[in-house]
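Inspection log for the structure reproduced underneath, given as structure tokens.
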Amino acid sequence: MARLEIVKIGHPVLRKPAEEVKPEMLKEPGFQKLLRDMADTMRHADGAGLAANQVGCNHQVVVLGCDANARYPGGAAIPLQTFLNLVILEYSKDTEEDWEGCLSIPGYRGLVSRSKKVVFEALTEKGENVRRTVEGFEARIIQHEADHLNGLFYVDRMGDLKRWIHLAEFNKKFGTHVHEE
Ligand code: NI
């Protein structure tokens with residue numbers, strides 16, 4: 001396993017819609033290594049999700065998963081999962097606001113309104129087609145990562161940038177000690 005460099009906002013790859021993964025790519029050792037390295041990179045950075053364009057690869061790949069995580073007070077543990085060609089099919093009308101960060105925008109948090117529940121379709125790393133309904137924190141991560149695949153950041157989803165704050169202020173507000181670089 002290896003840790004990959006996470007590219008930051010401003011890098012053009014993060015604004016380009018990612019390309020579909022062709023089924024034959026799943027058999028390539030290099031591609032399977034990318035999936036493992038993405039999981040390793042995400043975990044090392046204490047992230048809850050990571051899209052392939054964040055490590056400079058323009059394909060529709062996301063990994064998610066975290067232990068109960070200091071970076072996300074209130075966020076529950078989520079098992080490690082890999083999804084390819086992820087498409088959100090349904091967004092619940094019911095929404096909720098919560099704080100989001102992004103490994104490509106280190107040192108900031110923003111309050112973002114998202115659907116409480118989404119239905120999505122994707123391929124697993126073994127090439128199986130799955131359709132899932134997720135809610136709460138997991139639904140938020142799925143929406144955040146699906147946005148990355150379309151070249152969007154959470155800040156693009158914020159109605160009011162007055163609620164975009166520096167991590168030092170976030171830490172003061174919530175009594176946390178999260179550090180990112
Ligand atoms: Ni992100």
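Whatever order the structure lists them in is the order used to number ligands and atoms, beginning at 1. Sequential numbering from 1 along the given sequence is applied to the chain's residues. The basis for the numbers below is simple: all heavy atoms, side chains too, and nothing from hydrogens, waters or symmetry mates.
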Show the atom names and distances, to 0.1 Å, of all donor-acceptor pairs under 3.5 Å that link a side chain in residues 164-172 to residues at least two apart or in another chain.
from	atom 1	to	atom 2	distance (Å)
W164	NE1	Y154	OH	3.0
H166	ND1	A168	N	3.0
E169	OE2	K172	NZ	3.0
N171	OD1	T176	OG1	2.6
N171	OD1	V178	N	3.0
N171	ND2	L167	O	3.4
N171	ND2	V178	O	2.8

>> Tell me if a side-chain donor or acceptor on E19 pairs with a main-chain N or O of Q60 at a distance below 3.5 Å.
In response: no

>> Could you work out, with side-chain hydrogen bond (donor to acceptor under 3.5 Å, both in side chains) as the rule, every residue matching Q81, not counting sequence neighbours?
In response: E138

> Leaving out waters, which are not shown anyway, how many protein N, O or S atoms lie closer than 2.8 Å to the Ni ion (ligand 1)?
Replying inline: 3

>> Counting only heavy atoms from other residues, nucleotides and ligands, does the tally under 6.0 Å from NZ of K8 exceed 12?
In response: yes

> What residues, two or more places apart in sequence or in another chain, satisfy side-chain contact (heavy atoms from CB on, under 4.5 Å) together with T133?
Replying inline: K117, V119

> Under the side chain to side chain contact (heavy atoms under 4.5 Å, CB included) criterion, do E125 and R36 qualify, and how do the steps go?
Replying inline: CA-CA 10 Å; E125 70 275 29; R36 290 195 301 275; over 6 Å; no

